[in-house]
Asker: 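Quick one: structure below, then a few questions.
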Amino acid sequence: CRAQFVRRMLPGQPQADIDRQLRDLLDGLAQRDPHFRAELTWQLWREPLLTAAGAPIARALLNSAATVLGQPPESCGAPWWTDAALFQTAGIPSVIFGPRGGGIHAIDEWVDLPSLDAVTRTLQTLLSGFGRAA
């Protein structure tokens, strides 16, 4: 049998800690069942994204959104991963901001058009003023 898993990491979680936890789990299963055998291999490791609230790009986006929306958007974490983490790892500060919607990557994916318009206007505001605000 072969099993593959996707594990989302939290900022500050070293791969060695996750590796140790998974190996301990597998060792525990092997102790309970003498027929159980497992091999753990990592196919891919990507750092999670964490951008400081005070980072220039975050402040500029919040200010631009407040201008368009009348108030800053709520900052939050998310359980999914995006390429923004690769940009951050390469030294390019990154934030994620987008419209309301649902069904991501599914046949019934949808987006709220008024919020798409607000995101578009927010990004236009951000881009027109970021060089001066940074």
Side-chain angles (χ1 to χ4, degrees):
C1 158
R2 180 182 181 138
Q4 292 183 313
F5 301 92
V6 173
R7 166 87 187 251
R8 301 298 200 276
M9 305 307 158
L10 295 173
Q13 282 186 310
Q15 183 178 7
D17 288 355
I18 303 301
D19 190 78
R20 186 172 35 261
Q21 290 173 4
L22 293 174
R23 289 186 192 284
D24 288 349
L25 174 74
L26 295 174
D27 290 346
L29 292 171
Q31 289 174 2
R32 291 176 33 200
D33 180 352
H35 300 291
F36 179 81
R37 304 279 186 273
E39 179 182 327
L40 174 64
T41 58
W42 290 95
Q43 291 183 343
L44 182 65
W45 174 268
R46 295 287 191 222
E47 293 294 327
L49 173 67
L50 179 62
T51 303
I57 186 65
R59 283 194 326 265
L61 176 62
L62 289 173
N63 291 339
S64 296
T67 298
V68 171
L69 304 173
Q71 63 185 20
E74 180 183 341
S75 295
C76 65
W80 33 264
W81 190 87
T82 75
D83 289 344
L86 294 175
F87 300 141
Q88 185 90 348
T89 299
I92 303 166
S94 301
V95 291
I96 301 168
F97 178 71
R100 292 182 189 96
I104 190 165
H105 303 310
I107 195 165
D108 60 348
E109 183 172 0
W110 61 275
V111 65
D112 176 80
L113 293 179
S115 73
L116 179 61
D117 179 60
V119 166
T120 301
R121 290 183 289 120
T122 297
L123 294 176
Q124 289 170 332
T125 302
L126 172 70
L127 293 172
S128 67
F130 186 67
R132 292 184 297 272

Asker: Do L29 and I18 share a hydrophobic cluster, counting only Ile, Leu, Val, Met, Phe, Trp and Tyr and linking them when any side-chain heavy atoms are less than 4.5 Å apart?
Answerer: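 Per the 4.5 Å side-chain linkage, L29 and I18 are co-clustered.
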Asker: Apply salt bridge (charged side-chain N to carboxylate O under 4.0 Å, His left out) to the pair R20 and D24, showing each step before the final yes or no.
Answerer: CA-CA 6 Å; R20 186 172 35 261; D24 288 349; 5.7 Å; no
Asker: May I ask whether L40 and F36 are part of the same hydrophobic cluster, defined by side-chain heavy atoms of I, L, V, M, F, W, Y residues being less than 4.5 angstrom apart, directly or through others?
Answerer: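 Result: yes, single cluster for both.
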Asker: As an exercise, state the distance from CZ of R46 to OG1 of T82, rounded to the nearest 0.5 Å.
Answerer: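 Atom-to-atom, R46:CZ and T82:OG1 are 12.0 Å apart.
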Asker: For a quick test of reading the model, state the closest non-hydrogen atom pair linking R100 to S115 and the distance between them.
Answerer: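 In this case the closest contact between R100 and S115 is N-OG, 2.9 Å.
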Asker: Name all residues meeting the ring-ring contact (aromatic ring centres under 6.0 Å, His included) criterion together with W45; count only those two or more places apart in sequence or in a different chain, and write none if there are none.
Answerer: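 W42.
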Asker: When rounded to the nearest 0.5 angstrom, what is the spacing between CD in E109 and CD1 in I107?
Answerer: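 That separation rounds to 11.5 Å.
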Asker: L126 and S64: which non-hydrogen atoms are nearest, and at how many Å?
Answerer: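 Answer, listing the atom of L126 first, then S64: CA-OG, 3.1 Å.
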Asker: For a side chain to side chain contact (heavy atoms under 4.5 Å, CB included) check, start with the C-alpha distance between L86 and W81, then their side-chain angles and the critical distance, and finish with the verdict.
Answerer: CA-CA 10 Å; L86 294 175; W81 190 87; 3.7 Å; yes
Asker: Show the nearest heavy-atom pair for residues I57 and S94, with the distance to one decimal.
Answerer: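 In this case the closest contact between I57 and S94 is CG2-N, 4.3 Å.
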Asker: Identify the heavy atoms of A85 and P48 that sit nearest to each other, and give their distance.
Answerer: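 Minimum heavy-atom contact is CB-C, 4.2 Å.
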Asker: Return the set of residues passing salt bridge (charged side-chain N to carboxylate O under 4.0 Å, His left out) with D19 (not counting sequence neighbours), or none when no residue passes.
Answerer: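 D19 satisfies salt bridge (charged side-chain N to carboxylate O under 4.0 Å, His left out) with R23 only.
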Asker: For L44, does the CG atom sit with more than 12 other heavy atoms under 6.0 Å from it, leaving out its own atoms?
Answerer: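 Atom CG in L44 is packed in, count exceeds 12.
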Asker: State, to 0.1 Å, how close P11 and L49 come at their nearest heavy-atom pair, and which atoms those are.
Answerer: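 Shortest heavy-atom separation between P11 and L49 comes out as CG-O, 4.0 Å.
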